[in-house]
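Read through the structure below, which is laid out as structure tokens, and then see the notes.
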Amino acid sequence: MKIARVVVDVPAMQTDRPFDYLVPEEWEDVIVPGIRVIVPFGPRKVQGFVIEVASASEVNKLKKISEIFDLTPALTDELLELGKWLTEKTLCFQISAFQAMLPAAMKAKYEKRICLTRNSSELPPELAVLFENTRDISWKEAEAHNLFAELQKEIKKGSLEVVYQVAQKGKQKKVRYLKPAADLEALKKTAEEMPAQAGRQKAALDYIIASQKSEISAADLKSGANASDSSIKALVQKGILAEEWLEVYRDPFEHRTFKATENMALTSEQQSAIAPILDSIEASRHDVFMMYGVTGSGKTEVYLQAIDRVMKEGKEAIVLVPEISLTPQMVDRFKGRFGSKVAVLHSGLSTGEKYDEWRKIQRKEVQLAVGARSAIFAPFENLGIIVIDEEHESSYKQEENPRYHARDVAIHRAESYRCPVVLGSATPSLESFARASKGVYHLLPLRERVNSRALPEVNVVDMREELRNGNRSMFSSDLFEQLQLRLDRKEQTVLFLNRRGFSAFVMCRDCGYVIQCPNCDISMTYHRQGNKLKCHYCAHEAPMPSLCPECSSEHIRFFGTGTQKVEEELAKVLPEARVIRMDVDTTSRKGAHERLLGQFGEGKADILLGTQMIAKGLDFPNVTLVGVLAADTMLHLPDFRAAEKTFQLLTQVSGRAGRHELTGEVVIQSYTPDHYSIQLAKDHDYDGFYEREMMERKQHAYPPFYYVAVVNVSHPDLLKTSSVMETIAQFLIQNLDSHTKVLGPVASPIPRIKNRYRYQCMIKYKRDEKLIPALKKVMDRYQQEMARDELVISIDLNPTTLM
DNA sequence: AGCACGCCGACT
DNA sequence: GTCGGCGTGCTC
């Protein structure tokens, strides 16, 4: 008998290995690597992935696979290999890697039920009641009745049985279709012979005949022929129509049309950028290209034409975009060029919609997947190119296990398919640009804008100066004048507020007391709606006090600037301006994003005010002014990428102005206007920034000169946390290469979240063979404590944030 | 992760 | 004597 090696859906260190199962003979042909199965595991049943089929096992008492979950493998051989690679690269469980590669709808759902084996009359009366109308009840229901002892007795006796059900979270959507049992001619005859009182039924048949279709959905029949359920039922019962449930895709773009576009003529610069890409497509060569092009230099057109070539060769393509729901304009461009050959995967879709888009890819009904980070796992089997737009974006790094970076996954997959990867950005990450400079990646510069428009002029305003001149408002006189000017000229403005690390905290002006979350060492954020305080880390809420809890002073109020406050302020100083505010509060509802942007695009507002989410990809011709209210808020975060992130953000935001005929201007307000990241962003000088920042990184031994790994420890007890971290740090110092630096341990930048204390230590290394084994050993050493105690240890190789 | 098994304290 | 508390270890 054949043996299947199965990785079970139990994310724990002890079960992070394959278990062997017997393959029942009738399934020998179906059970192949990548198939999901249900297997008995201890007393229960769990889902598992078959990763290998063998002919012998070292274990002698094997159990049989109980059920098959897939007819076609959920994971291709390539993805199975990729999963193994992910496991090693990110130190996650194999099962977590597999699950990360599949849509959430495919995750298993478990239910424990109690089932009647014989007759309810055999049960004691208090139990018999529960099984009066049903043969099985859920365990939870039984638990609620508090009849444990009785249940246990009956289970032992055998009149009741515990069953473990395994299902999938997401379902396929099915729609009822009706099909004539005979051919059309016969149907015509049947319709004519219909008794006179069956008018509705005849109408339905006539409608089907007129439609000329061999099958018709029940919904169509109801609305088109005004047929009722009863008349349809009658026709089915008479055997005239046959009922059939067919799978349909949920279409997230049902009510959208996309304007078809054709390849555009390329500028000479675009041509020299695309030539080497086409070359490596033709030669089936794996190359990584760093397409470094200023905003408006036409990167997307290059992607589109390279993809077009790939598709003409019968191959497939993946395009990653930062967070696609933020840039409907991007979807439009791909859908416009490739129409129904595109699957879109992004967070704005429901799990069901994502599942359907994924299955289009699996069934090879599309050749292009456009999506956010996880779209990198699109189950294509003949990839011809992978494009990562805005390559520097931090959202390409997953912040939960498996902590992978989509760029690394892309390069690994492209190696297997011997196809090119194109990284595009106006502000490449230092890591990628350094590789391009060294010749590891091919640099493709696009230095001109397609429409030859000059980049917008950027003014940096020193807010300290404003304060000295007696301007205490959040708008500098320069920004205010410019705003006024746009209003007069009927042009639009984008106002950007970077809220990170700068939300509205509440402080007492008399004693300086700042209200903090009782569970987290972080100040609470003031929310205007409901006059409430909220903790952004644990969602704890508290009413806004009218007196200081510390000194009972009345002078307690909120500081800092939120978008709501800016909106109020705008209403005061520019009452005639129409403002659209975009932040978490106004965009939480589905489709709110598109709606608000649509309104702004139609000119229904003068000012678009928002947070990070408006920094990306917006392209409105009438926007001629971009204001950045506080440029330096994230400059002071404890993060070695702070300067890089600031530069990227400012450059990106500036790119929103004057993209078309009208020239644009940018006003950046800052309390540290001389910082190089701000000054160089003002001059649109990426090369200058790159050189300057590389010096900093070299001096402080940060990436790209060193790799960084961070070990995080958290526990409800402070002493426990620090002592575990200390032990780990000592162990690492003793067991790593002598060139490797172990820094810390220190308390994390946010020392406590949800009543758990947090410590971390940073490892800087160049090449250290001992690192992964040492980290594995650490996890191994603490696995028991992590399972029993509340200890959590997490490891992030190449973190993008240290918070 | 679940779940069973097993070894100690406080009860009818 | 037994019920049930949770620490320990296993799952093909």
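Proteins get letters first, then strands, A, B, ... in listed order; numbering begins at 1 in each.
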>> Give the residues of residues 14-32 of chain A touching DNA chain C, defined as any heavy atom closer than 4.0 Å, sorted by residue number.
In response: A:Gln14, A:Thr15, A:Arg17, A:Phe19, A:Asp20, A:Tyr21
Taking the cut-offs as 6.0 angstrom to the six-membered ring centre and 45 degrees off its axis, would you call [X] and [Y] a cation-pi pair?
| X | Y | value |
| --- | --- | --- |
| A:Lys360 | A:Tyr249 | yes |
| A:Lys397 | A:Tyr404 | no |
| A:Arg44 | A:Phe41 | no |

In whole Å, what is the span from the [atom1] atom of [X] to the [atom2] atom of [N]?
| X | N | atom1 | atom2 | result |
| --- | --- | --- | --- | --- |
| A:Arg5 | C:dC12 | CZ | C1' | 10 Å |
| A:Arg788 | C:dT8 | CZ | C1' | 6 Å |
| A:Asp789 | C:dT8 | CG | C1' | 15 Å |
| A:Arg44 | C:dC10 | CZ | P | 16 Å |

>> So A:Val708 and A:Pro703, do their side chains get closer than 4.5 Å, heavy atoms only?
In response: yes
>> If you define the side chain from C-beta out and look only at heavy atoms, does anything of A:Lys63 sit under 4.5 Å from A:Phe19?
In response: no
> Can you name the residues that form a side chain to side chain contact (heavy atoms under 4.5 Å, CB included) with A:Pro24, not counting sequence neighbours?
Replying inline: A:Glu26, A:Trp27, A:Lys64, A:Ile65
> Among A:Glu431, A:Glu391, A:Glu393, which residue meets the salt bridge (Lys or Arg N to Asp or Glu O under 4.0 Å) test with A:Arg407?
Replying inline: A:Glu391
>> I'd like the 5' and 3' limits of the part of DNA chain B contacted by chain A, with heavy-atom contacts below 4.0 Å.
In response: B:dA1 to B:dC3
> Can we say A:Glu161 and A:Arg135 salt-bridge, meaning some charged N sits less than 4.0 Å from an Asp/Glu carboxylate O?
Replying inline: no
> Which part of the nucleic acid, if any, lies within reach of A:Lys64 when heavy atoms closer than 4.0 Å are counted: base, sugar-phosphate only, or nothing?
Replying inline: nothing
>> For a quick check of understanding: with a heavy-atom distance under 4.0 Å over all strands, which category does A:Phe93 fall into, base, sugar-phosphate or nothing?
In response: nothing
